[in-house]
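Just follow the structure's listing: the first ligand is 1, and inside any ligand the first atom is 1.
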Amino acid sequence: MQKFLTLADGTQWFGTAIGDRHRAGAGQLIFNTGMSGYQETITDPSYLNQLITFTYPLIGNYGIDPTVDQAKAVGAQAIIVHELADFSDHYGSRETLDHFLIAHHVPGIAGIDTRDVTSHLRKFGSQAALLTSQPVHDFQAEYAAIPRKQLTTRPLPVGLPTGQQPKIVIMDFGEKQAIEDALLARGCQVISVPATVTFKTIATYQPDGILLSNGPGDPQTYHHVLPTIKRLAATYPLAGICLGHQLIACAFGATTYQLPFGHHGLNHPVQAVPSGAVMMTAQNHDFAVDPASIANTPLQVTYTELNDGSIEGLTLPHQKVQSVQFHPEAHPGPQEASQFFDQFIQSIQQEAIANA
Ligand SMILES: NC(=O)CC[C@H](N)C(=O)O
């Protein structure tokens, strides 16, 4: 069964339908350069309503392991691959990627020269795209007609009182499971709450620290939550990852801008300021904090991206606030940035001693 990938600029590729064969997809087309971790990528809620092109040519070859999903639902609109493996050679695999996509009602297309798609996006920027079973005749009308997905927020609260310390509340903007797991693995009690909760609701949990999670979309659309973030920063040790990082920056007066084609991959080098140490990081973002906008704020840069100089980390020196644009929880990707969680817990412990 044929499938058509059509961009807003009229460029078109056609290939073979995979996944939910009869479903169409519509959204922003991006490319991910990761050589592994396709399941964690597809289940990352930050890809909500995006079409994911995998540059690595063979996708699906180690199947699907139910223990590595980053969320229960799949927010991505579609996947675009060169070759879809119809086998799943891995001891942890319980099904093929094709079956997983069908079960999650996710369409896809195989047989695409994903290098060609990627060079097009690198040259002209990420853009709107359609995945359809017929050639597109009216892009705008067809694009508008395809339903977009909503984030599936989890009910209040997720996480049971365990008496573990420190107690961390995660504001869930589309949280990856690995963030929660990284804190639990360090002995924390973790309570995950929808990002719509008030400061007062968070205070009832008597947290020792707050973490703002990753999440989809343009950070400029979250202005309603900035006053709560500012108040949280003045009251608790605060950390942010990816979208959480951007929202902390905006809460303190910075602004964000859209990158030409985002950073979506597992080998993005970031350099620490001022040590100069370099780490390879997993990244998945289309926006970044504008360096010019932090000049008149108390924010200080802690990490920069070595590929394009963009900001990858911020701190507030006189408050226990730290945030990173990259994904220290990995899943997928390299684990070397996980020290971020240790530093956050250390700042909570220092705060507790200072307030004792
Ligand atoms: N992974 C994320 O949190 C992404 C943050 C934001 N939606 C961006 O695309 O830049």
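Applying the under-4.5 Å side-chain rule to Ile, Leu, Val, Met, Phe, Trp and Tyr, the cluster around L266 consists of that residue alone.
In this structure, a donor-acceptor pair under 3.5 Å is present between the side chains of H264 and D286. In this structure, a donor-acceptor pair under 3.5 Å is absent between the side chains of T201 and T204.
For T281, the side chain to side chain donor-acceptor pair (under 3.5 Å) test picks out Q283, with sequence neighbours left out. Shown here are the salt bridge (charged side-chain N to carboxylate O under 4.0 Å, His left out) partners of R122, two or more places apart in sequence or in another chain: there are none.
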As a test of reading the model: which N/O atoms of the protein lie under 3.5 Å from N/O atoms of ligand 1, and at what distance?
residue: ligand 1; atom: 1 (N); partner: S46; partner atom: OG; Å: 3.0
residue: ligand 1; atom: 1 (N); partner: N284; partner atom: O; Å: 2.9
residue: ligand 1; atom: 1 (N); partner: H327; partner atom: NE2; Å: 3.3
residue: ligand 1; atom: 3 (O); partner: G215; partner atom: N; Å: 2.8
residue: ligand 1; atom: 3 (O); partner: G215; partner atom: O; Å: 3.1
residue: ligand 1; atom: 3 (O); partner: L243; partner atom: N; Å: 3.0
residue: ligand 1; atom: 7 (N); partner: G215; partner atom: O; Å: 2.9
residue: ligand 1; atom: 7 (N); partner: G217; partner atom: N; Å: 3.3
residue: ligand 1; atom: 7 (N); partner: G217; partner atom: O; Å: 2.6
residue: ligand 1; atom: 9 (O); partner: D286; partner atom: N; Å: 2.9
residue: ligand 1; atom: 10 (O); partner: Q246; partner atom: NE2; Å: 3.0
residue: ligand 1; atom: 10 (O); partner: D286; partner atom: N; Å: 3.0
residue: ligand 1; atom: 10 (O); partner: F287; partner atom: N; Å: 2.8

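Under a 4.0 Å N-O distance rule, the pair R21/D98 qualifies as a salt bridge.
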